[in-house]
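Each remark here refers to the structure printed beneath this line.
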Amino acid sequence: MPISEPTDDLGSIFRRLIQNTGPMSLAQFMGESNARYYASKDPIGLGDGVSGDFITAPEISQMFGELIGLWLADMWINAGREEPVYYVELGPGRGTLAQDALRAARNYGLEPAVHFIETSSTLKDIQLRAVPGALWHDDLSSLPTDGPMLLVANEFLDALPIRQLVRMASGWRERLVGLGGDDFIFVAGDQPMDAAVPAGWKDAAEGTILETCPAAAAILFEVAGRLEQQGGAALFIDYGHTELQAGSTFQAVQRHEKVLPFDAPGTADLTALVDFGTLAQIAKSRGVRHIGTATQGDWLRGLGIETRAKHLAQRAPQHAADIDAALHRLVADDQMGKLFKVMGLAGPKWIGGAAFSAVVPES
Ligand code: SAH
């Protein structure tokens, strides 16, 4: 280790911790790394492919946020235009999605109070400039309870800390982070973890890895409880699959490239695929309607993104090529169209749910 390395370098802190108390959980490694990462910088690129570490859908095109705003307005109108009504966004990034969604919703008379869940003070400053009237919370517990909630979370769940379980000859164990020299390596814990393995997976082949995300499960439990009590609708958008699959999806991205997730904790975005199947089950267990889980491509096309792109290009022909490129990026199967999913949830009396109708709910 170079002598000049600052003592508060997160890698050094983790090494000391592991040396003193033994291997640490992957959830702690990921949670503390991402807390440090998001607090220290604005990681989201501006669509030029150079700035930031990664690019998100709302930064690719205004069409993304606008269609979300229209979807929410449609749900709210169907449910009888109840007031007060709250727009809640989890991890709003640069505030671009909220800005676009709220502008589109306003055309339909929907002007909700805006509440953001955000822990990064760097990003809060940027969000304040984008949406001046917003209020901030560290978690969902302090959100208002006196009206329906229209909730959006784009690329939020994938950044929450996961645990990994691995099937050993002797049974299931947690995959922990230990040290091999100065390098972080996976080691199997010595506690039996069979009780934590979902039904149907207990006898999986040796070497099988399963991921769980207790933080995402807790958030879905809370959001669904509020939808059931307060009414409203929610859209969770992320890259993930519609049912639990085996294998490690833990990865790190820095400057638009995949890097090794153990290399420099706190300096790269650590993510894992979202298990939408399990999250939909949690929502349903609380009496909430799972409208469906669609691919991002199908969902945006169902809301008319192609027509919208055509109109924008007619109005600004000098940007036609850019608009077309953005459309392709959002909906094409080999871009964000297939790997990204949109999960729609609604409170008991909240009917409809555009663009999910062609989708057969998978559970
Ligand atoms: N939704 C935005 C940003 C995605 S990046 C977009 O689509 O562009 C992830 C966002 O979640 C960031 O705003 C980050 O600061 C926030 N975040 C990550 N972990 C969080 C946590 N545990 N609690 C609250 N916000 C968190």
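Counting starts at 1 for both ligands and their atoms, following the listed order.
For the pair L160 and ligand 1, a heavy-atom separation below 4.0 Å is found. Heavy-atom distances between N34 and ligand 1 stay at or above 4.0 Å for every pair.
In summary, the atoms of ligand 1 found under 4.0 Å from a heavy atom of S120, numbered by their order in the structure, are 15 (O). Those atoms of ligand 1 with a heavy atom of G93 less than 4.0 angstrom away are 2 (C), 3 (C), 13 (O). Against a heavy-atom cut-off of under 4.0 Å, T56 is close to the following atoms of ligand 1: 6 (C), 7 (O), 8 (O). Shown in contact with P58 at under 4.0 Å from a heavy atom are these atoms of ligand 1, numbered in order with element: 6 (C), 7 (O), 8 (O). Residue contact check: N154 has heavy atoms under 4.0 Å from atoms 1 (N), 2 (C), 4 (C), 6 (C), 7 (O) of ligand 1. When each atom of ligand 1 is checked for a heavy atom of T119 under 4.0 Å away, the hits are 20 (C), 21 (C), 23 (N), 24 (C), 25 (N), 26 (C).
Rounded to the nearest 0.5 angstrom, L160 CG and D158 CG are separated by 8.0 Å.
Listed by chain and residue number, nothing satisfies the salt bridge (Lys or Arg N to Asp or Glu O under 4.0 Å) test with R289 (two or more places apart in sequence, or in another chain). With sequence neighbours excluded, no residue satisfies side-chain hydrogen bond (donor to acceptor under 3.5 Å, both in side chains) with N34.
No hydrogens or angles considered: a donor-acceptor pair under 3.5 Å links the side chains of Y37 and D53.
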